[in-house]
Amino acid sequence: MEQNEDEEKKIDLFRETPIRYLGYANEVGEAFRSMVHVNLVRFTYVVASGYVVADAVHKGQEASQKTYQDEKKKQSRVRTAVLDTLIWQGLASVAIPGFTINRVCTFSGLLLKKSTSWPAPMRHWTTTFIGLACIPFIIKPIDRSVDFLMENSFRKWFQVGPVLKELVHHERND
């Protein structure tokens, strides 16, 4: 039994391709914060935020391709898809992981400074490696927590229905 192109599952460019790693740029920037100029760290936030905005626009475009009862309902659903994606990605890809890696690196740097006599460059590299090593471990718990938060707040308030459910579902296939 053959499937035509319309029936095949479409690949989400922002969730199922290497482009999604742009959302992790700020975490890498935070891990290197002790070793690079602060403007480079800020630039990684620009990259990650650009990814968030691009994904939100993409989800809005996908929502606009669906069939709706009327134009007012379509506009409402498109806005909801964009806003949901901006909030979800903003929290799960930028704010929470950036803060988490920042704190991990800050506290590990302080701990290394107090408990070792290592020279500063060695402490900075160790702190960076600790921050980078934490990234794979924080992704899924943060994603799940943000999903829980969104399901119990925004998505209830805006009554995200079945038409948008497939668009606003943000689980990553890792």
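Heavy-atom basis, side chains included; hydrogens, waters and symmetry copies ignored. In what follows, residues are counted from 1 in the order of the sequence shown.
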Quiz item: Are side-chain N/O atoms of Q89 and T85 paired as donor and acceptor at under 3.5 Å?
Solution: no
Quiz prompt | Donor-acceptor under 3.5 Å (N26 side chain, G29 main chain) | solution = no
Quiz prompt | Side-chain donor-acceptor pair present, D147, W88, cut-off under 3.5 Å | solution = yes
Quiz prompt | Value rounded to 0.5 Å, distance of OH in Y68 from NZ in K73 | solution = 9.5 Å
Quiz item: For the residue pair F32 and W125, does the interplanar ring angle fall in the parallel (under 30°), tilted (30 to 60°) or perpendicular (over 60°) class?
Solution: perpendicular
Quiz item: Distance-only, no hydrogens or angles: does the S64 side chain make a donor-acceptor pair with backbone N or O of Q61 under 3.5 Å?
Solution: yes
Exercise. Quick one: list whatever passes salt bridge (charged side-chain N to carboxylate O under 4.0 Å, His left out) with R123, sequence neighbours left out.
Key: none
Practice problem: Evaluate side-chain contact (heavy atoms from CB on, under 4.5 Å) for H124 paired with T127, printing each intermediate quantity in order. | Solution: CA-CA 5 Å; H124 293 307; T127 298; 5.7 Å; no
Exercise. Output the distance between atom CG (L149) and atom CD1 (I87), rounded to the nearest 0.5 Å.
Key: 9.0 Å
Quiz item: With a 4.0 Å cut-off, would you call K59 and D12 a salt bridge?
Solution: yes
Quiz item: Is a side-chain donor or acceptor of T17 paired with a backbone partner of L13 at a separation under 3.5 angstrom?
Solution: yes
Exercise. Specify the closest pair of heavy atoms between L112 and W118, including all atoms of both residues, with the distance to one decimal.
Key: CD2-CZ3, 3.7 Å
Self-check item: P97 to A92 - nearest heavy-atom pair and separation
Solution: CG-O, 3.1 Å
Quiz item: Taking everything shown except F43 itself, do over 12 heavy atoms lie less than 6.0 Å from its CZ?
Solution: no
Quiz item: Among the clusters formed by ILVMFWY side chains lying less than 4.5 Å apart, do I138 and Y45 turn up in the same one?
Solution: yes
Self-check item: I135 side, atom CD1; I130 side, atom CD1 - distance, nearest 0.5 Å
Solution: 13.0 Å
Quiz item: Closest heavy-atom contact between G23 and Y51?
Solution: CA-CD2, 3.5 Å
Quiz item: Are Y24 and E27 side-chain neighbours, meaning at least one heavy-atom pair lies under 4.5 Å?
Solution: yes
Quiz item: What heavy-atom pair brings A48 and A25 nearest, and what distance separates the two atoms?
Solution: N-CB, 4.3 Å
Quiz item: What closest approach, in Å, do E30 and G98 show between heavy atoms, and which atom pair accounts for it?
Solution: CG-O, 3.5 Å
Quiz prompt | S93 side chain to G90 backbone, donor-acceptor under 3.5 Å | solution = no
Quiz item: Think R144 forms a cation-pi with F148, using NZ or CZ under 6.0 Å from the six-ring centre and within 45 degrees of its axis?
Solution: no
Exercise. Group every Ile, Leu, Val, Met, Phe, Trp and Tyr by side-chain heavy-atom contacts under 4.5 Å, then state whether L40 and L22 land in the same group.
Key: yes
Quiz item: Should C105 and T128 be marked as a side-chain contact (heavy atoms from CB on, under 4.5 Å) after you check the CA-CA gap, both sets of side-chain angles, and the distance that decides it?
Solution: CA-CA 7 Å; C105 289; T128 298; over 6 Å; no
Quiz item: Are the side chains of C134 and F137 in touch, meaning some heavy atoms are under 4.5 Å apart?
Solution: no
Quiz item: Distance from Q75 atom CD to E71 atom CD, nearest 0.5 Å?
Solution: 5.0 Å
Quiz prompt | Co-membership, hydrophobic cluster, residues I19 and L86, 4.5 Å side-chain | solution = yes
Quiz prompt | Cluster check F154, V53: I/L/V/M/F/W/Y, side chain < 4.5 angstrom | solution = yes
Practice problem: Please answer whether the main-chain N or O of K113 pairs with a side-chain N or O of T116 as donor and acceptor at a distance below 3.5 Å. | Solution: no
Quiz item: Is it true that V57 and V82 fall in one hydrophobic cluster, defined by side-chain heavy atoms closer than 4.5 Å?
Solution: yes
Practice problem: Can you spot which of V47, T44, V41, L132 makes a side-chain contact (heavy atoms from CB on, under 4.5 Å) with V28? | Solution: L132
